[in-house]
Number of protein chains: 2
Amino acid sequence: MSGHSLLIASIEKHLSLNTQEQHRILLAFTTQYIKKKEFFLRAGEVCKQVAFVLNGCMRSYAVDEQGFEHNLQFAPEGWWITDMNSIIHGTAARLNIDAIEDTQALLLSRDQQEGLLKEVPKLERFFRIISEKSMAGSHKRLIDQVSVNAQTRYLNFCDQYPGLIQRLPQKQIASYIGVTPEFLSKIKAELLRRKD
Amino acid sequence: MSGHSLLIASIEKHLSLNTQEQHRILLAFTTQYIKKKEFFLRAGEVCKQVAFVLNGCMRSYAVDEQGFEHNLQFAPEGWWITDMNSIIHGTAARLNIDAIEDTQALLLSRDQQEGLLKEVPKLERFFRIISEKSMAGSHKRLIDQVSVNAQTRYLNFCDQYPGLIQRLPQKQIASYIGVTPEFLSKIKAELLRRKD
DNA sequence: GAAATTTCTTAATCTACATTAATGGAAAGG
DNA sequence: CCTTTCCATTAATGTAGATTAAGAAATTTC
């Protein structure tokens, strides 16, 4: 499947598009290649675009006063990623977004999105639905973060994203579940010991 | 301002409505009064509605294995509240939603919302925008939770919701920022000591 | 394919916050 | 109005997870 049809397929899960509409949609996006460790967005900039990942993987993360990184989201193929706070309020991004693997993504600027929505209004529905889903995901994450301990968070992560466990360095996962790499190592050792 | 016009005003921040559309919108909602400590949603049920608060205040919270409550959101007048995960996936709610003060709210079921959106399609845009905002809010909260300590989270809360600080019992705020009431008490004592 | 860099693991020590317990004060409710 | 329940505070003790350090393994780079 070509990257473009990944996007179209993802939209057509929620509504159907004729050929003309498909073309109009693709016109609004630009393609970008982002090498591992390169940035899509740096904290402090104003975020102007959302990215739809075609292949590879990006992540968003915040940096605290002591310089430690905290991963908020991973975006492998088929996922959207952006700094929503920055994009909708026009304020400086608090998030960095970079590539964990060499990545190909489709970018949609807010201006292009506005134009696209004017010409294909039924896409409002699509963007509403994916916003609701993102919000549900973010809520789920927050509940997990505040109501269970680190070991359970790790098990939940393995459960929900089995593909990513294989694929990502452990330190990235540690940063996502909110512990140090050292402590994640301990958790894994503990889990292994229990199994035997 | 009547409750209904609070809702209409809130929509008209994003798009304009004629009288007919306003009436059609109000038709989709039902009014409910919820007394302090009564539930709008219990964990385990499937959530079917979103609530728009006209006056009073509701909160959503998760309960952990040990029975402790963790507040996720407060919804005073003009705010929306629901369990988005339950409503969009049709799964059992993980959240409880109850009233912290006697509350009057407008309820919109998913079915009613679908009908409304069919007849007034431009509302797709409104719901997209508020979903994006909720998602931005939820992201902000998550960043705060993982990247700063409890004292800073408390100060940030005071900053962002000065009205709620006056209005809510401290234990509700403690539960929101993710500490025990005892520790919040300590934080406040510490802050007072520093001021003098 | 050797050197450099990054990642993972183990272990000792430390700390932010939780737990428990006890007291006084404020609401709530009949 | 009195009683009951809830709420805020302080203080002693406990613990999940952080920090620091250091070596082993894996990956990247030239």
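To find a chain, count down the sequence lines: A is the first, B the second, and so on, and within it residues start at 1. A quick note: this is a predicted structure, and the numbers were derived from the prediction, not measured.
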When you look at OH of B:Y33, are more than 12 heavy atoms from neighbouring residues, nucleotides or ligands closer to it than 6.0 Å? no
On DNA chain D, nearest-nucleotide positions of B:P169 versus A:A150: which is more 5'? B:P169
Whole-Å distance, A:K36 NZ to D:dT29 P, equals 7 Å
What's the CD-P distance between A:Q145 and D:dG17, to the nearest Å? 10 Å
Of the listed nucleotides (C:dA18, C:dA11, D:dT10), which one gets closest to any side-chain atom of A:E182? C:dA11
Separation of atom CD1 in A:I187 from atom C1' in D:dA16, rounded to whole Å: 10 Å
Between D:dT27 atom P and A:E101 atom CD, what is the distance in whole Å? 14 Å
In whole angstrom, what separates B:I100's CD1 from C:dA27's P? 16 Å
Distance check: side-chain N/O of B:T180 vs OP1/OP2 of C:dC17, anything under 4.0 Å? no
Any side-chain N or O of A:Q151 below 4.0 angstrom from OP1/OP2 of D:dA16? no
Closest to the B:K37 side chain: D:dT19, D:dA8, D:dC6? D:dC6
Hey, is A:D98 close enough to A:R59 for a salt bridge, meaning N to O under 4.0 Å? yes
State which of C:dA18, C:dT19, D:dG17 makes the closest approach to the side chain of B:V179. C:dA18
Picking from D:dG17, D:dT9, C:dC17, which would you name as closest to the side chain of B:S185? D:dT9
Using 4.0 Å as the upper bound for N to carboxylate O, is an ion pair formed by A:E182 and A:K186? no
Expressed in angstrom and rounded to an integer, what is the separation of B:K171 atom NZ from D:dC6 atom P? 8 Å
Regarding A:R141 and the six-membered ring of A:Y176, is the cationic atom NZ or CZ under 6.0 Å from the ring centre and inside 45° of its axis? yes
Atom CG of A:L168 and atom P of D:dT27 are separated, to the nearest Å, by 14 Å
Between A:H70 and A:D64, is there a side-chain donor-acceptor contact under 3.5 Å, judged purely by atom types and distance? yes
Rounded to the nearest angstrom, tell me the gap between atom NZ in B:K186 and atom C1' in D:dT9. 12 Å
Check this one for me: any side-chain N or O of A:Q172 less than 4.0 Å away from OP1 or OP2 of C:dT7? no
